[in-house]
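None of the values given here were measured: they were computed from a predicted structure. Counting starts at 1 for both ligands and their atoms, in listed order.
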Amino acid sequence: MADSRAVTVSPIRHPILDAARPQVLDAGEGLAQEQVLEVLALPDDALDALLALAHEVRMRWCGPAVEVEGIVSLKTGGCPEDCHFCAQSGLFDSPVRSAWLDIPALVEAAKQTAKTGATEFCIVAAVRGPSPRLMAEVAAGIAAIRDELDINIACSLGMLTPSQVDELAAMGVHRYNHNLETARSHFPHVVTTHTWEERWETLQLVRAAGMEVCCGGIVGMGESVAQRAEFAAQLAELAPDEVPLNFLNPRPGTPFGGLEPMPAADALRTVAAFRLALPRTILRFAGGREITLGDLGARQGLLGGVNAVIVGNYLTTLGRPAEADLDLLGELQMPIKALNATL
Ligand code: SF4
């Protein structure tokens with residue numbers, strides 16, 4: 001006789017997850033904007049199922065390898081732009097002072113990055129766009145790094161002219177980072193000294209010159225959930241090779257210094273939603289995850305759609321120690337992506 005006390009609990013079904021499985025997991029077709037919005041509106045009790053699906057999608061379309069990158073700031077602070085989240089703007093009262101790194105220090109940073117097993121080293125400068133001095137420093141720095149080690153070199157030097165794009169491509173720059181930062185509709189609330197469209201134009205030039213496109217942004221900057229979905233759709237239209245996803249870490253002295261960090265559940269929902277919108281891209285955990293997600297965040301993200309990390313410190317804030325992330329990759333049996341391997 002059946003035990004009348006036994007109750008079969010049927011898991012709550014979420015139509016968007018049922019739709020995402022065949023569309024994204026089986027067919028590799030990313031979610032559309034309105035579908036991303038449905039994902040971002042899922043209740044907390046659907047979060048585990050969402051992260052599990054995002055992880056399956058990542059494993060199916062990207063594989064288990066994780067791309068590890070180190071970044072170094074060649075020119076820090078004193079930027080003339082007014083990105084409201086950025087401690088490197090010279091227009092705010094933030095404590096980051098203008099400074100240049102010399103070439104030996106740049107080479108040393110690249111060596112330290114390579115020692116962690118990282119295959120990508122990104123040279124960053126806090127500028128609107130490169131000056132002739134910066135282009136010359138980058139050229140000299142890349143040549144000096146190439147003399148000593150084998151690592152992919154990426155750059156993030158702001159908005160570029162067509163001739164600067166060609167120069168960087170000729171230097172062998174593998175990937176160029178230029179973030180759209182946020183949804184087009186929210187951008188004027190974040191930056192007033194240049195436009196979203198100017199950023200978009202640089203990204204098109206980079207792609208046309210044959211460099212890989214790295215483009216992401218920051219969530220938690222006062223955008224609505226609908227604007228988060230809009231941003232995911234705009235990135236999907238751009239189809240970048242890599243999307244670095246940052247969570248706002250409110251920096252003292254910046255206009256966004258008083259915003260609250262994003263709740264952890266929202267951050268994880270965003271990670272998974274971006275993976276479902278961009279099934280094949282390299283989705284990188286970048287700045288702010290420590291403050292938003294704590295120590296557990298790396299694990300949850302890597303099991304929820306992320307397949308790339310930045311090791312060590314970010315540009316103006318401290319990250320987790322490189323060893324902690326590398327140990328975690330070992331534990332999760334996710335190999336570091338080999339140099340020059342394609343996904
Ligand atoms: S985000 Fe870049 S362009 Fe904007 S203020 Fe900071 S360094 Fe300058």
Shared hydrophobic cluster for Leu50 and Met59 (ILVMFWY, side-chain gaps under 4.5 Å):
no
Arg207 side-chain N/O to Ala239 backbone N/O, donor-acceptor pair under 3.5 Å
yes
In the complex you have, is atom 8 (Fe) of ligand 1 within reach of the protein, judged by whether a heavy-atom distance drops under 4.0 Å?
yes
Please check if any side-chain donor atom of Thr76 sits under 3.5 Å from a side-chain acceptor atom of Gln88, or the reverse.
no
Going hydrophobic residue to hydrophobic residue with side-chain gaps under 4.5 angstrom, can you get from Met159 over to Leu134?
no
To the nearest 0.5 Å, how far apart are NE2 in His189 and CE in Met221?
11.5 Å
Considering the heavy atoms of Phe85, write down every atom of ligand 1 situated less than 4.0 Å from one of them.
1 (S)
Would you verify whether the NZ or CZ of Arg275 falls within 45 degrees of the ring axis of Trp61 while also being under 6.0 Å from that six-membered ring's centre?
no
Mind listing the protein N/O/S atoms less than 2.8 Å away from atom 8 (Fe) of ligand 1? Waters don't count.
Cys79 SG
Show your working on side-chain hydrogen bond (donor to acceptor under 3.5 Å, both in side chains) between Ser89 and Glu81 and close with a plain yes or no.
CA-CA 6 Å; Ser89 170; Glu81 303 303 293; over 6 Å; no
